[in-house]
Amino acid sequence: MNYICQYAIVRFLPYAETGEFANVGLVLHCSQMGELHFRMMSKVGRITAFFEELDVAVYRRARGELIDELARMAQVFREHPQRTEPEFAKNLFQELTRPREAMLRFDKPRVVMTQDVDQKFEELYNFYIGRNFVTREYQEKLIEKEIRSALRQANLIGRYRQQTVGNRRYHVRFPFVRSEDGMPVAAIKPLHLGQDEPTQIYDHGWEWVGKIRKLRREDLLPARVLFAVQPPAPGNHECGQVFREISDELLAQEVEVFDHRDVERILDFARPSA
């Protein structure tokens, strides 16, 4: 039998002004079975790594309050006489996932069909939450935060800002750009090349090689560019080989490539020339 389910991702958005969020939970309901499934991520270390200045108690408190609300709603789904009526269940789920001005809020509800509700819930949770913190975007965001912290401690953060480099026809966003007289002269870009598969390193690495080549051909590349890279784990020969190939291609474009952990070299690059 096929079951039609609605589900929504729970997002933690502590700073509404920045728009940065992390997927931290999932709710799913199936009106045919009168059930509400939910789970919230409990590993607060991942949250504090992403939102470095956040008091972890803030997330724990918000998480506890939402779990209580979800538990009450799950009881309604189990016990209400109309729990298996599609319209009633739909309205109840819409009320639960309504837009709210809170640190924990729901993404837009989605629909999925499955023959096994429990299995589908696990698949969705693992896809949206379990793997949420191993994507290259997340890893690069962590490196970006490390660099920002280092720049701040070295009293250099005021010289850099997020900026799009290029023109109307072609442009690329860099998280750290230093300008002089309105022209970008130095840029720093975190680059995660620590994937477990050589093809993934190729794909992401060549994407940036292509961007740098294009900016240089159009005479749009700042005079100094640094990639703060995360290399593959030691011991993976194929990934290490691809990483070195991508690094060589970037160096051939006359940009710098440093390990993101080499903070002193990154700061030396970031300092204006005397």
- Task: Please state whether the rings of His29 and Phe77 are parallel, tilted or perpendicular, taking 30° and 60° as the class boundaries.
- Result: tilted
- Donor-acceptor under 3.5 Å (Ser149 side chain, Lys145 main chain): no
- Message: Could you go through Phe21 and Arg105, starting from their C-alpha distance and side-chain angles, then the distance that decides it, and tell me whether this counts as side chain to side chain contact (heavy atoms under 4.5 Å, CB included)?
- Response: CA-CA 10 Å; Phe21 67 86; Arg105 56 187 73 182; over 6 Å; no
- Message: The criterion is side chain to side chain contact (heavy atoms under 4.5 Å, CB included); which residues satisfy it with Ala74, sequence neighbours excluded?
- Response: Leu36, Phe38, Arg78
- Query: Are Glu87 and Lys90 close enough for a salt bridge, meaning some N to O gap below 4.0 Å?
  - Reply: no
- Task: Kindly indicate, with the supporting measurements, whether the criterion side chain to side chain contact (heavy atoms under 4.5 Å, CB included) is fulfilled by Leu250 and Leu191.
- Result: CA-CA 11 Å; Leu250 288 169; Leu191 186 63; 4.0 Å; yes
- Item | Side-chain heavy-atom pair Arg216, Glu254 within 4.5 angstrom cut-off | yes
- Query: So do Arg11 and Tyr128 actually touch side chain to side chain, heavy atoms under 4.5 Å?
  - Reply: no
- Item | Ring-face cation of Arg39 near Phe121 (centre distance under 6.0 Å, axis angle within 45°) | no
- Message: I'd like to know if the side chain of Tyr160 reaches the main chain of Leu151, judged simply by a donor and an acceptor atom lying under 3.5 Å from each other, with no hydrogens or angles considered.
- Response: no
- Task: Assess whether atom CG of Asp219 is packed by more than 12 heavy atoms of other residues, nucleotides or ligands within 6.0 Å.
- Result: no
- Query: For Glu69, does the CD atom sit with more than 12 other heavy atoms under 6.0 Å from it, leaving out its own atoms?
  - Reply: yes
- Arg148 vs Phe176 side-chain heavy atoms within contact, under 4.5 Å: yes
- Message: In the structure I gave you, are the side-chain heavy atoms of Ile246 and Val229 within less than 4.5 Å of one another anywhere?
- Response: no
- Message: side chain to side chain donor-acceptor pair (under 3.5 Å), that's the test. Do Glu245 and Gln241 meet it? Break it down for me.
- Response: CA-CA 6 Å; Glu245 180 179 335; Gln241 190 174 28; over 6 Å; no
- Start with the C-alpha distance between Glu140 and Lys189, add both sets of side-chain angles, then the distance that settles salt bridge (Lys or Arg N to Asp or Glu O under 4.0 Å), and finish with yes or no. CA-CA 9 Å; Glu140 289 179 359; Lys189 171 70 177 86; 3.1 Å; yes
- Message: Is the shortest side-chain heavy-atom distance between Pro14 and Val58 below 4.5 Å?
- Response: no
- Message: Any carboxylate oxygen within less than 4.0 angstrom of a Lys/Arg side-chain nitrogen, looking at Glu256 and Arg265?
- Response: no
- Query: Crowded around Arg98 CZ? As in, over 12 foreign heavy atoms under 6.0 Å?
  - Reply: yes
- Item | Check: Gln253 and Leu221 side chains under 4.5 Å, non-hydrogen atoms | no
- Query: What's the spacing between Ile201 CD1 and His192 NE2 if we round to 0.5 Å?
  - Reply: 8.0 Å
- Message: Are more than 12 heavy atoms, taken from residues, nucleotides or ligands other than His204, located less than 6.0 Å from that residue's NE2 atom?
- Response: yes
- Query: Quick one: salt bridge (charged side-chain N to carboxylate O under 4.0 Å, His left out) partners of Glu180, sequence neighbours excluded?
  - Reply: Arg178
- Query: Is there a side chain to side chain contact (heavy atoms under 4.5 Å, CB included) between Arg161 and Gln163 once you walk through the steps?
  - Reply: CA-CA 6 Å; Arg161 65 186 181 91; Gln163 185 175 328; 3.4 Å; yes
- Query: Out of curiosity, Phe106 CZ to Phe93 CZ, how far, rounded to the nearest 0.5 Å?
  - Reply: 7.5 Å
- Would one find more than 12 heavy atoms of other residues, nucleotides or ligands at under 6.0 Å from atom CZ of Arg224? yes
- Would a 4.5 Å heavy-atom cut-off, applied to side chains only, mark Ile129 and Val24 as touching? no
- Hey, is the main chain of Leu96 close enough, under 3.5 Å, to the side chain of Arg100 for a donor-acceptor pair? yes
- Item | Tyr170 vs Asn167 side-chain heavy atoms within contact, under 4.5 Å | yes
- Identify the heavy atoms of Pro109 and Ala8 that sit nearest to each other, and give their distance. CA-CB, 4.2 Å
- Going through the distances and angles, do His37 and Asp118 end up as a side chain to side chain contact (heavy atoms under 4.5 Å, CB included)? CA-CA 8 Å; His37 298 252; Asp118 292 334; 2.9 Å; yes
- Query: Atom CZ of Arg110 and atom OG1 of Thr97: how far apart are they, to the nearest 0.5 Å?
  - Reply: 12.0 Å
- Message: Measuring from atom OG of Ser247 to atom CZ of Phe258, what distance do you get when rounded to the nearest 0.5 angstrom?
- Response: 12.0 Å
